[in-house]
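One structure below.
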Amino acid sequence: MPELPDVAGFRSLLAAHATGQLIERVDVADAGVLRGITARQLQDSLRGSRFERPERHGKWLIARTDGPAILLHFGMTGSLQWLDSGAPLDRYDRVIFVTSAGELRYRDMRKLQGITLAHDRREEDGVLAGLGPDALGVTAGQFDDALQGRRGAIKATLMNQKIIAGLGNLLADEILWRACINPRRPASSLTAPERRELYGQMRRVLRASVRAGCVPSRPSWLTGARQQRHPTCPRCHATLCRGRIGGRTTMWCPRHQGR
DNA sequence: TCAGTTGTTTATAT
DNA sequence: AATATAAACAACTG
């Protein structure tokens with residue numbers, strides 16, 4: 001699931017329930033999601049710390065405490081749960097942060113990404129180094145600059161976290177479909193008005209998705225249409241094209257987006 | 001049984 | 001230097 005909107009939802013969950021709470025204990029049910037730290041190190045460095053206001057950059061959640069920051073990435077199937085203390089353990093609950101008010105759980109079926117710790121800003125910057133500006137905060141000018149000189153397919157460019165952070169496969173397809181731009185177009189071939197349109201649609205899609213906490217599979221969205229057995233364009237009902245760009249299955253409308 | 005999956009990294013080739 | 005592709009990671013689902 002997790003693209004920027006999902007992680008924004010996890011951030012809100014954490015902010016609403018855990019901010020100010022003391023971490024009494026960290027249970028590691030599966031150390032396979034720990035990156036660069038042992039279960040013991042995670043437990044020892046977090047016990048007794050208090051959650052502070054969390055942040056997000058792209059698809060990363062930065063769970064700050066008055067001690068180290070917990071950096072979480074959710075891969076394709078991760079999520080964050082807030083549950084009452086002692087709620088039954090899910091098969092995919094990998095790490096549990098226990099407070100007196102409840103438990104924050106990192107849940108993930110496939111363990112493609114995971115959790116790491118940053119003891120100071122320098123370590124935090126090290127993990128997040130190389131990420132482009134956050135897709136929700138980027139200005140039109142920064143957006144233009146980011147696409148500048150990129151000859152690769154616009155879809156791959158949008159998904160490249162080093163260029164802009166937060167967009168994944170579903171969002172990239174949704175945004176390009178709305179902007180009526182073919183996903184294989186070289187980024188550098190877009191005209192100024194096209195870039196402007198793309199930027200505007202990105203903001204609209206992100207706003208609506210963050211509100212929903214995910215990229216909603218509404219029938220009027222490409223994301224809804226792509227789940228059908230024989231996907232058709234929600235706007236013109238043309239049969240959608242399917243291809244592979246940037247290693248990911250890509251869908252687009254041949255009428256609105258060409259070819 | 002086989003292909004496919006909302007993410008990222010690495011190796012390899014162009 | 002950029003770009004493209006495939007594979008690997010892990011664990012399912014249809």
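Any value given below was found using the heavy atoms of this structure, including those in side chains, with hydrogens, waters and symmetry copies removed. To find a chain, count down the sequence lines: A is the first, B the second, and so on, and within it residues start at 1.
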When rounded to whole Å, the CG to P distance for the pair A/D173 and B/dT5 reads 11 Å

When rounded to whole Å, the CE to P distance for the pair A/M159 and C/dT5 reads 11 Å

Any strand, both distances under 3.5 Å, Watson-Crick or G-U wobble: B/dC2 pairs with C/dG14

A/L71 CG to B/dT8 C1', in whole Å, measures 16 Å

A/H73 side chain near B/dG7 phosphate (N/O to OP1/OP2, under 4.0 Å): no

*asked:* Over all strands shown, is A/R229 touching base, sugar-phosphate only, or nothing at heavy-atom distances under 4.0 angstrom?
replied: nothing

inquiry  = If you compare every side-chain N and O of A/R150 against the phosphate oxygens of C/dT3 (OP1, OP2), does one of them come in below 4.0 Å?
reply    = yes

When rounded to whole Å, the CZ to C1' distance for the pair A/R244 and C/dT5 reads 10 Å

Give a yes/no answer on whether the side chain of A/K111 brings an N or O atom under 4.0 Å of OP1 or OP2 in C/dC9. no

Going by heavy atoms in the side chains, are A/W252 and A/C180 under 4.5 Å from each other? no

Could you tell me how far C/dA6 sits from B/dA3 if I compare only their C1' atoms? Round to whole Å. 16 Å

A/L167 atom CG is separated from B/dT8 atom P, nearest whole Å, by 10 Å

Just checking A/G247: base, sugar-phosphate only, or nothing, at a heavy-atom cut-off of under 4.0 Å? nothing

Test item: side-chain donor near acceptor, A/N182 and A/K155, under 3.5 Å: no

From CD of A/E3 across to P of B/dT8 the rounded distance in Å is 9 Å

Closest of B/dT5, C/dA11, C/dC9 to the A/L112 side chain is C/dC9

| query | Taking the same atom, P, in C/dA1 and in B/dT8, what whole-Å distance lies between them? | reply | 24 Å

B/dT8 phosphate, OP1 or OP2: any side-chain N/O from A/K59 under 4.0 angstrom? yes

Check your understanding: When we call it a touch if two heavy atoms are under 4.0 Å apart, what does A/A153 touch: a base, just sugar-phosphate, or nothing?
Key -> sugar-phosphate

| task | Run the ring-centre check on A/F97 versus A/Y106 and record whether the distance is less than 6.0 Å. | result | no

query: Side chains of A/I181 and A/L190: does their closest heavy-atom pair fall under 4.5 Å?
result: yes

**Prompt:** At under 4.0 Å, does any side-chain N or O of A/Q161 touch on OP1 or OP2 of B/dG7?
**Reply:** no

Separation of C/dT5 atom C1' from A/I245 atom CD1, nearest Å, is 13 Å

Atom CD of A/Q113 and atom P of B/dT6 are separated, to the nearest Å, by 15 Å

Check: Base, sugar-phosphate, or nothing: which does A/R248 touch, judged by heavy atoms less than 4.0 Å apart?
Finding: base

Checklist entry - Which part of the nucleic acid, if any, lies within contact of A/T249, taking any heavy atom under 4.0 Å across all strands shown: a base, the sugar-phosphate backbone alone, or nothing? => result sugar-phosphate

For a side chain to side chain donor-acceptor pair (under 3.5 Å) check, start with the C-alpha distance between A/Y199 and A/R203, then their side-chain angles and the critical distance, and finish with the verdict. CA-CA 6 Å; A/Y199 176 77; A/R203 300 204 55 122; 2.9 Å; yes

Out of B/dT6, C/dA2, C/dA11, minimum distance to the side chain of A/R151 belongs to C/dA2

Quiz item: Do A/D134 and A/R56 meet the salt-bridge criterion of a basic N to acidic O distance under 4.0 Å?
Solution: yes

